[in-house]
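Inspection log for the structure reproduced underneath, given as structure tokens.
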There are 2 protein chains.
Amino acid sequence: MPENVPLDTVDLRILRVLQNDARITNRDLAAAVHLAPSTCLDRVRRLRDAGVITGYTVRLDAGALGRPLQAFIAVRVQPHRRPLVAEFVAHARALPEVRAVFHLAGPDDFLVHVAVPGVGDLQRLVLDEFTARPEVSHVHTNLIFEQWDGPPLLPPVSPRASPPSPARSPRPR
Amino acid sequence: MPENVPLDTVDLRILRVLQNDARITNRDLAAAVHLAPSTCLDRVRRLRDAGVITGYTVRLDAGALGRPLQAFIAVRVQPHRRPLVAEFVAHARALPEVRAVFHLAGPDDFLVHVAVPGVGDLQRLVLDEFTARPEVSHVHTNLIFEQWDGPPLLPPVSPRASPPSPARSPRPR
DNA sequence: GCATGGGCCGAACGATATCCGGCGTGGGCC
DNA sequence: GGCCCACGCCGGATATCGTTCGGCCCATGC
């Protein structure tokens, strides 16, 4: 729904800071972007209302939670029609081992990102939850050795945007 | 580093709530899990110190940020040796379009999750940033139609854990 | 020059985070 | 069986914070 909301430099800085620590106090966030707390609150609320910020969440260590093994399971669904697709997605999303489901364009229709305690659980998942389903025509599994985040999800911000100049100009529309 | 930290039902409930809204006040979080605010603060701090909680972040809408197109780029690196692998990962992670990098066991060595403004950017990324590199032997791109989150990253919690019984027993070790 | 809209700010009030001392329970040890 | 210790939990107190509100100031359009 939200498409290409106009963001200025201050918005981007806010998002960058929040992405690094979403539980920062509004006061500290305001200081970090050189705004008054009240103004900063306005900005954040606007970003939420605009749909840019869709929520706040906690980053968890899957290994510490007893699920150190992660993998991508590629799945082909045949026939590849809406009812079957929807059903498959619903089924996959409901599995507690599933972290994310991607519907792809390509030879494989889906990529299912899973986190499990051990190899046995992975096997069970593939055999009982995927290949056992009639609409699933093909499955292959890729173990994840290691993973890394990319940079914060932001257009490059010019580094000169630091000085606390009031700059009381209208925001881009 | 953190491996299989013991978690009780209350911890799991805390994580579930935080995963749904990481900016909830400690007071409300405490109420949601039937604890005193001070005790709840202790719990959360312990989860952070134990490495279960690795941080708090904001969920952003890539489309609203002007990058509605997402894809997985599968990459083969040859020869597949540590120095080249490290170099490739560093390069990929530094690209602003990259959301995550996965090192895989399988025919493809890496899966790079990217978000871009349009098809042209995707093409540029593949040609200039991946196939142009000498260690990259093969690249193929899968567009992401749609994606969904799985359930909260938690072992199933028994639903009976709601009543506010003091239950002043020692936590599992 | 004047009216208008919007962004920004500061003060104030209510709510919150956080620390601390103490209590009660359960388990280990003798 | 009885004692001691460790630990989880709580409630109160203080400093800090979130949030609202009214008003200022600049930029724009007429």
| said: Using a strict heavy-atom distance below 4.0 Å, which residues from residues 21-29 of chain B are in contact with DNA chain C? | reply: B/Thr25, B/Asn26, B/Arg27

| Given atom CG of A/Leu47 and atom P of C/dG7, what is their separation to the nearest angstrom? | 12 Å

| task | Give the intermediate values and the outcome of side-chain contact (heavy atoms from CB on, under 4.5 Å) for residues B/Leu15 and B/Leu7. | result | CA-CA 10 Å; B/Leu15 294 179; B/Leu7 302 176; 4.3 Å; yes

| task | Look at the aromatic rings of A/Phe88 and A/Phe110 and report parallel, tilted or perpendicular, splitting at 30° and 60°. | result | tilted

| Expressed in angstrom and rounded to an integer, what is the separation of A/Arg45 atom CZ from D/dT19 atom P? | 7 Å

| remark: Partner of A/Ile73 under side-chain contact (heavy atoms from CB on, under 4.5 Å), picked from A/Leu125, A/Asp108, A/Leu111, is A/Leu125

| When the ring planes of B/Trp148 and A/His103 are compared, do they come out parallel, tilted or perpendicular, using 30° and 60° as the limits? | parallel

| Is B/Thr39 near enough to D/dC10 that one of its side-chain N or O atoms lies under 4.0 angstrom from OP1 or OP2? | yes

| Nearest-angstrom distance from the residue atom CD1 of A/Ile14 to P of C/dC8 | 9 Å

| request: In whole angstrom, give the distance that lies between atom CG of A/Asp8 and atom P of D/dA27. | output: 16 Å

| task | Would you state whether a donor and an acceptor, one from the side chain of A/Ser38 and one from the base of C/dG10, lie under 3.5 Å apart? | result | yes

| Joint hydrophobic cluster, A/Ile144 plus B/Phe72, side-chain heavy atoms closer than 4.5 Å | yes

| request: Give a yes or no on whether A/Leu104 and A/Val112 share a hydrophobic cluster (residues Ile, Leu, Val, Met, Phe, Trp, Tyr; joining criterion: side-chain heavy atoms under 4.5 Å apart). | output: no

| task | Would you please confirm or rule out a distance under 4.0 Å between OP1 or OP2 of C/dC8 and any side-chain N or O of A/Arg43? | result | yes

| Nearest-Å distance, OH (B/Tyr56) to P (C/dA17)? | 12 Å

| Are A/Val89 and A/Phe102 co-members of a hydrophobic cluster defined by side-chain heavy atoms under 4.5 Å apart? | no

| said: So if I take every side-chain heavy atom of A/Pro37 and compare against D/dT19, C/dC19, D/dG8, which nucleotide ends up nearest? | reply: D/dT19

| note | With five pairs defining each end axis, the helix from C/dG1-D/dC30 to C/dC30-D/dG1 comes out bent, to 10°, by 30°

| field | side-chain contact (heavy atoms from CB on, under 4.5 Å) assessment of B/Val44 paired with B/Leu41 | value | CA-CA 5 Å; B/Val44 173; B/Leu41 200 67; 5.7 Å; no

| note | When every non-hydrogen atom of B/Val101 is compared with those of B/Val98, the smallest separation belongs to CG2-CG1, 3.8 Å

| task | Return the value, rounded to whole Å, for the distance between atom CG of B/Leu35 and atom C1' of D/dC10. | result | 10 Å

| task | May I have the distance from A/Asp42 (atom CG) to D/dG22 (atom P), rounded to whole angstrom? | result | 15 Å

